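Inspection log for the structure reproduced underneath, given as structure tokens.
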Amino acid sequence: MSITCTLHRSEPAHFQCDECGSSLCDECISLRETSGFSGKNRDYFCPACELPARMIGLGNVLEPFWNRLGAIFLYPLQPAPLLLTLVLSIIGALFAGWGIVQLLVWIVMVKYAYASLIHTAQGSLRAPPVTWELINQNVLQVFKQFVVFAIIAACVGFVAPFSPIAAVALIFVVAACLPAIIMILVASNSILQAVNPALFVPIIFRIGWAYLLMYLFLLFLLGAPTALFAVLPVELIHPRILFFLQLFLSQLYSIICYHLMGYVLLQYHEEIGYSVDYEYFAANRGGKKQLKAKTQEAELATGLALLIKAGKFQEAIARLRPAILEDNPDPELSEKFFQLLKMTGEKSKAEHYVIRHFEVMATNGKKQKAIELFDEVKRSPVGAPSGKSVYQVGIWLQERNQFKKALEVFAYFTKYHKKDARAPEVYFNVAKLLHEQADNSAKAKQILQGILKTFPRHELVPQVREYLAVLA
Ligand SMILES: [Zn+2]
Ligand SMILES: [Zn+2]
């Protein structure tokens, strides 16, 4: 893993945005599903720019093969391949002298090994199930592999009469290149491309030392059965059982080889030019969860985090604006918008926006935040927030016994919302606060009389009279 997610430094990036330079993990990427003529389209977008993102080679996401040699070695011991190799080896051993049976056993095995390669190369680390289709279909693929071997053998045969040394050298070279040749055959499905040295030689160099490592592992594995038979008391074992063991081990070996080649093909698919279906890969790698389309809110949150991280505050403001213009914007987004306006040094814009921000906070019951904002609201050169929100904040302050501040807020209300339906109540509150908290009974009296005069029919009138009586 060389490229990590911009927001999650411990996660490998799966996509890259060429527009903003963000690297995106599978949590951060935005999946968008659209219905087209050919069914559902799944596209990957950068949540910051809302533009298509580019898939990074999966080699960046995958654990390199040299770190999971153990798992690769154990691959054929999954139930499906284990059962298949056991059955095929038993059949092979029972019909030891039957050429046609041996051939059939061999074809089925090669077919399965080949399927393991393709399965792995597409991103599934679980062995393919043994099905009739798997054995029966795409026989051509396997046939093509034998045509490739035949071509190689013909080349060696052609060179041999002229120079036996050259022929031996050629065998060594071909043996060294064989995994690359098979990988190209899978990637291109073309015999001509597979046997073209101009293709397989550069690929070996592009994979580099990892190719050598893979090769050494294959050679080491090849030696394992030989080593095993060297220590077994071969002469004491029944020839049929010995034959069974040889078959069984060689089949396990084939599956490991093809699985490893598939893994290398997957890990280096970018270098080799093999296209991997990201969806299939995402759905199959080690049972990790499948990618789902994110909610608009989640997408926006990620997009903003990316833009802010990149210091693109103006872009973040632009990205947020549609959500802010909605009827009742999310208070957190509103707060972010407000902070961004301040961060960009747009003092006048922040001074304007604080009015709406205060309303959003009050409407959504964000008491502390709304109370904190009041001083900025007071300083704002543009009109006042709605009467409802100012009234609400005044009430909260009263509930918190912050009477001085409550008085200030109610006084502000009376300045801007004289005609509001809540005005009589606010005046009454102001009077009570003046008398009880500010020691200004004269002013309180004056206000109470003002209420009676201005709103003679209001439902609060009896209470106001009662209070006046107490004052007098
Ligand atoms: Zn972007
Ligand atoms: Zn991420």
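All values reported here derive from a predicted model rather than from experimental measurement. Just so you know, ligand 1 is whichever comes first in the structure, and atom 1 is the first atom listed for that ligand.
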Exercise for the section: May I ask you to decide whether Glu376 forms a salt bridge with Lys342, counting only side-chain N to carboxylate O separations under 4.0 Å? Expected result: yes
Practice task
Quick one: the SG of Cys49, the Zn ion (ligand 1), SG of Cys46 angle, rounded to 10°, please.
Solution key: 120°
Completion exercise
Rounded to 10°, the ND1/His8 to the Zn ion (ligand 2) to SG/Cys5 angle comes out at 110°
Handout entry: Any donor-acceptor pair under 3.5 Å from Asn364 side chain to Val360 backbone
Key = yes
Handout entry: Check: Tyr112 ring centre within less than 6.0 Å of Trp106 ring centre
Key = no
Practice task
Might you work through the side chain to side chain contact (heavy atoms under 4.5 Å, CB included) test for Tyr114 and Gln141, ending with a clear yes or no?
Solution key: CA-CA 8 Å; Tyr114 207 79; Gln141 279 178 338; 3.6 Å; yes
Problem - Three-point angle Cys28:SG, the Zn ion (ligand 2), Cys25:SG, rounded to the nearest 10° - result: 110°
